[in-house]
Amino acid sequence: MSGLTTVINQLRRPRTRRKKKTDQPSMEVASQWQLMWWKFKKHKLAVISAVVLILMYLIALFSEFVSPNLSATRFTAYKNAPPQKIHFVDAESGFQLRPFVYGMKEKIDEETFLRTFSEDKTKKYPIQFFAKGEPYKLWGVIPSSIHLFGVNNPDGALFLMGTDQLGHDLFSRIIYGGRISLSFGLVGIVLTLFIGLLLGGVSGYLGGVSDTIIQRIIDFLICIPTIPLWMALSAAVPREWSATQMYFGLIIIFSIIGWTGLARVVRGKILSLREEDFTMAARLAGAGDLRIIRKHLLPSFASYIIVNVTLSIPATILGETSLSFLGIGLQAPAVSWGVLLQDAQNLETLAHHPWLLWPAAFIMLTVLMFNFLGDGLRDAADPYK
Amino acid sequence: MLNYISYRLLQLIPLLVAISIIVFVIIQLPPGDFLTNYIQQLKLSGNDVSESAILNLKQEYGLDKSMIVQYVYWIKDMVLHGNMGRSFQFNMPVADVIWPRLGLTVAISLISLVFVWLVAIPIGIYSATHQYSILDYVFTFIGFIGVAVPGFLIALVLVYFIFIETGVSITGLFSPEYVDAPWTLAKVLDMLPRMILPVIVIGMASAASLIRITRGMLLDELSKQYVITARAKGVSEGRLLFKYPVRMAINPLISTIGWTLPALISGEVIVSIVLNLQTTGPMLLKALMTQDMYLCGSFILVTSVITVLGTLLSDILLAAIDPRIRFGGVGE
C-alpha cells in the first residue's frame, strides 16, 4: 500500500509543481514590471506609504462626505475654540464604547479679554457614523446630508482640531484643503511631465543644436533661485483672477520652471539607450524614429520617469503651500493647506492657538509619504541590481 | 587651467544676458509701470503733478521708448552707474535698499553652507563606514525629514516649541536695542546666538541631501578594488579611508555648490519671513505685495548673479582638485 502511494506521489509531483509555476512565474521568465513589483513589495515602508497616500486621496475625493462640517460654515459662537477632547468615560454613566464630546462654554477673562473655552459637562454629544449634518452636494452634483461621522445634533458641534478666528472647523477645512493641495501635485505634474518628456526627448534623441539650446536653457533655469522666481511670477498674476484661474496659473508657473530635472533624466537615459544594440537592431530592421522611441526606448526608462515624478509631486505641493502661506498663491476663499497655514504665521497667535499648526502636520505627512514611496520605487526601478 | 577658466568666463556672458532679460520681463509683467504708481503716490501725498513733470519723468526713465530701448537703458544704467532703478515703496534707490540686507542674506547663506559641510561630511563618512548601524538609521531618518520637510515649516514648529518651553521668542536677528544701531562688536555678538536657529533650519535640507550623497559615494568607493588591494597590503584603516575614498566622495560637495547656493538663498528667503529676520526675504515679499517690481527684479538679478558666480567658483575649484576635469575635454 505504502509503495503504491509513493509511486502515485511521484507521479503527481511534477504536475503540482508545474501548476505552481503558472501561478507565479519564476525569476527567469518574469517580465520586468513583474520583477519591479516584487522588489517594490519588499520595501515595507514604501508599501505603507502607498496605502496611506491612496487613503488621503480618497478622503480628498470625498471630502464633503468625510468632513463633519462644511468648509465655509462659520460657528460664530466658537471662534478660536480649541480641539474638543474625545471621551469614553462619563462621570454619571461610566465607560461607554461610543466616543462622545462635551459641549463648550466660553469665558472671557475680565482683565486680558482673552477668550477661553471649557467643557460643559452637562451637554454630551455622542459621535455617530453616518450622522445627519448640513446638506451638501458631492462634487457639486449629488445632494446629501449624510456625513461619515458627526454628532447628529444641530445644537452640538464637533471640532476635532479646533476652530480658526472666524469660527471655521479646522479639521473639515484641512480635509477640503487636501482636495486642492493634493490635486495640485497631480495636476501640476502632468504639464511638467509633458514639457520634460518633450524637451528631454528632443534633446537626447536629436542631439546637435537643439540639444545645446535645451541644455543651456536648463543651466540657465537652475541658476535662478526658485522661490524668489516663483514669488515674482505669482505676484505678477493679476489680482482679479478667480481661484480656479490662479490654481492653473500657479501650475503653469511651476511647470515652466520645474521641468528641468525630468528633462535631464530623460535625456541621459535616451543618450545611453540610443547606443544600445537593441536600438541598432530595431533601426536595421527598418523601424522609424517614432516606433523606436515608443516601443524600445520609452519602456526602458519609464520606471525612472515614474520615480522622478513621484519625487516631484511633493515638491509641487510644497511650492503651492509656501506661496499660499506667504499670501501670494491661492487666496482666502479658496481653501488649501498653505492658505490655512497663513493663520499660523504669527508667533503670538501660535502661542494662544497652537492647533492652527495642524495643517503643517498634514503637509509633512504627505511629503514624507511621497518621499518614502519614491525611495521604494527607485529601488524597484532597477530590479536587476 | 587658464584655458579652462577663460572658457568658463566666456560661457558666462550669454547666461548673464539671459538672466537680465528674464528679470526685465518680470519687472514689466504687472499691469501698469512703476511711474504710474510713483505719480499716484505723489498725488496721494498731496503733491501736485503737472503734465510736463510727468513727461519729464517719462523721458528720464525712457518710458516713452520701445521695450528694447528701455532694456538697454536699464542695463546701461546698472552696469555703468550701479543704478538699479527706484523703489517707490521705500522711496529710495533700489541699490540702497538691497545691499545692506543682501549682506546679511549672503552671510547667513554662507554660514549655512559651512554648517552644511561641517555636519554632512563627518556624518556621511560615519554612516558609510558604519553602514546599517543604529546611528546610520537615525541619520538616514533625520535626513529624510530634512529633505522632505521644507525649512519654513520646521522653523514654524521650532519657534513654537522653543517659545512654549522657554518663553523666549527667538524671532528677529537682533535684540530690539540693536536693530537700528550701527555695526559694532556688541551688535555682532548679539547677533551670533540668534543666527544659530536660522542657520540650522536653512542648512538642514542641503545637509540631509549631502549626507546621502556622501554616504552613497563613499560606499561605492569602499567596495572598489584599490581599497581591497590597499587593505591587503596592510594600510591602516584610517589612512585607507582618508587617502583616496574620502577625497573622491567629497567631490560632489564642491560640484554641487552651484545648486546648494541657490537652494540656500531660496530657503533663506522664506525662512527669514517666518523668523522675521531683517534680510532680503521680508523685503522681497513686501516688494511683491506692493508690486515694487524694480526692487524684486533687482533682487532676483543679484541673487542669480551670485549663484552663477558660485557655480563658476565651484567649477574652477573642482578643476583644481580633480585633475581628470582639468585635463579632460574642455568642451564637455
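Each chain gets a letter, A, B and so on, in the order its sequence line appears, and its residues count up from 1.
- Annotation for A/Trp355: atom CH2 counts as buried by contact number, over 12 foreign heavy atoms lying within 6.0 Å.
- Ranked by heavy-atom pairs under 4.5 Å with chain A, the first of B/Gly297, B/Ala18, B/Pro14 is B/Ala18.
- If you measure heavy-atom distances from A/Ile217 to chain B, you find no contacts under 4.5 Å at all.
- For A/Leu357, the part sitting under 4.5 Å from any heavy atom of chain B is the side chain, from C-beta outward, and nothing else.
- Using a 4.5 Å cut-off between heavy atoms, A/Phe325 touches chain B through its side chain atoms alone.
- Under the 3.5 Å distance criterion, the side-chain polar atoms of B/Thr303 are matched with a main-chain donor or acceptor of B/Ile300.
- For A/Leu221, no part sits under 4.5 Å from any heavy atom of chain B, backbone or side chain.
- Of the possible polar contacts, one joining the A/Ser324 side chain to the A/Leu330 backbone as a donor-acceptor pair under 3.5 Å is found.
- The aromatic rings of A/Phe362 and A/Trp337 sit tilted relative to each other, their planes meeting at an angle between 30° and 60°.
- Contacts of B/Phe152 with chain A are made by side-chain atoms alone, with heavy-atom separations under 4.5 Å and no backbone atom involved.
- No side-chain heavy atom of A/Val367 sits less than 4.5 Å from a side-chain heavy atom of B/Val149.
- Looking at B/Ile270, the atoms closer than 4.5 Å to chain A (heavy atoms on both sides) all sit in the side chain, from C-beta outward.
- In terms of modelled atom types and a separation under 3.5 Å, the side chain of B/Ser206 and the main chain of B/Gly203 share no donor-acceptor contact.
- Contacts of B/Leu153 with chain A are made by both backbone and side-chain atoms, with heavy-atom separations under 4.5 Å.
- In terms of heavy-atom pairs under 4.5 angstrom with chain B, the leader among A/Ser322, A/Ala360, A/Ala315 is A/Ser322.
- Proximity to chain A is absent for every atom of B/Ile306, based on heavy atoms less than 4.5 angstrom apart.
- For B/Ile134, the CD1 atom counts as loosely surrounded, since its 6.0 Å shell holds 12 or fewer non-hydrogen atoms of other residues, nucleotides or ligands.
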